[in-house]
Amino acid sequence: MMEYKRITVNPISGAMGAEITDIDLTSGIDSETWIEIQDAWANYLVLIFRGQDLTDQQQFDFTQRFGKLIPHPYVKGIPEIPEIFKIIREPGESYSWDGFYHSDLMFLKKPPLGATLYAKECPPYGADTAFTNMYLAYETLSEGMKALLDGLEGENESGNPEKYSNKYQSMEELGKKGAMGAVHPLVRVHPVTGKKALFSSLAFTKRIKGMTDKESAPILSYLYEHSIQAHLGCRLEWEKGSLALWDNRVCLHHAVADYFGEVAKHRRVMQRATIEGEEPISIKKYEAMQAK
Ligand code: SIN
């Protein structure tokens, strides 16, 4: 890990996540600062930039530095920038589509590389986003389980797109019908760090390729319960003007639903910009690439 001279990096848990202060994302980022942000991101996986006063275009511009942005396949983007969509929950709503830990859009052939989430309106308490570090989830498995998973693939499915819109009353659906699916390795290798990470979530990974649902279920449930242990993750506390950046290749996340529905009734408005990814790399493919 490098010594940071341009940004202040304060870890928020032992497993992952850091707050970045002393930076104004609206005032241009010089090359040294950019190198430090990338290094901190690779080390902490989730960064939270506090006290930012961003326009939609500034969120777009900052996020786009990491790669091309893509619209959500089912949720309508904001009128001027379709790649940014709002995640709104009004008081009284009870349905959450981000209640399970997940990696975004795992059902795409090329799941996103990462995303930024910007807090526009926050409840007075709660409404954290919880993350888990999938490198650690992999590394803390037994050698027997690692050997079993090596070479296995998960079948990831979006399910009925209505779950993204109709039941989540304040979000605008795009009108696209039909479920999507993609098969990905259960263990993927990060193209930059070369480290192995679990890539499975009960939200989207419905079965293991070549196995029945019944055979897959105990393995996938175990991996999920193992991955989401509190000591493998962190929780981001939001305040208006915070911008989170996560590496979707090696994190699961979910919105902690403690501020609406049965429990409390507060409005929350976030907006997400999603960065295009590549096809996940299996261990076998990575080894073949290294051997060349
Ligand atoms: C998401 O799943 O991208 C949204 C997380 C959140 O609203 O906290």
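Numbering of ligands and ligand atoms starts at 1, following listing order. Position 1 is the first residue of the sequence, and the numbers go up from there.
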Legend entry - Enumerated ligand 1 atoms positioned under 4.0 Å from heavy atoms of R268: 6 (C), 7 (O), 8 (O)

Legend entry - Numbered atoms and elements of ligand 1 in range of H102, under 4.0 angstrom, heavy atoms: 2 (O)

Inset, instruction - Could you tell me if any non-hydrogen atom of H254 lies under 4.0 Å from any atom of ligand 1? - result: no

Legend entry - Check: M106 and T205 side chains under 4.5 Å, non-hydrogen atoms: yes

Inset, instruction - Give the atoms of ligand 1, by number and element, whose distance to some non-hydrogen atom of I87 is under 4.0 Å. - result: 4 (C)

Inset, instruction - For L117, take its heavy atoms, then give the atoms of ligand 1 lying under 4.0 Å from any of them. - result: 5 (C), 6 (C), 8 (O)

Inset, instruction - Would you please indicate if the ring centroids of F100 and F204 are separated by under 6.0 Å? - result: no

Inset, instruction - Considering the heavy atoms of T129, write down every atom of ligand 1 situated less than 4.0 Å from one of them. - result: 6 (C), 8 (O)

Legend entry - Check ion pair R6-E32 (N to O, under 4.0 angstrom): yes

Inset, instruction - Examine distances only and state if a side-chain atom of T132 and a backbone atom of L252 form a donor-acceptor pair shorter than 3.5 Å. - result: no

Legend entry - Output field: ring centroids H254/H102 closer than 6.0 Å: no

Inset, instruction - Please identify which atoms of ligand 1 are closer than 4.0 Å to at least one heavy atom of R272. - result: 1 (C), 3 (O)

Legend entry - From CA spacing to verdict: side chain to side chain contact (heavy atoms under 4.5 Å, CB included), I7, F49: CA-CA 10 Å; I7 55 174; F49 299 88; over 6 Å; no

Legend entry - Atom indices of ligand 1, in the order listed, that fall short of 4.0 Å to a heavy atom of A255: 6 (C), 7 (O), 8 (O)

Legend entry - ligand 1 atoms in contact with H253 (distance to a heavy atom under 4.0 Å): 1 (C), 2 (O), 3 (O)

Legend entry - Ring centres under 6.0 angstrom apart (F66, W34): yes

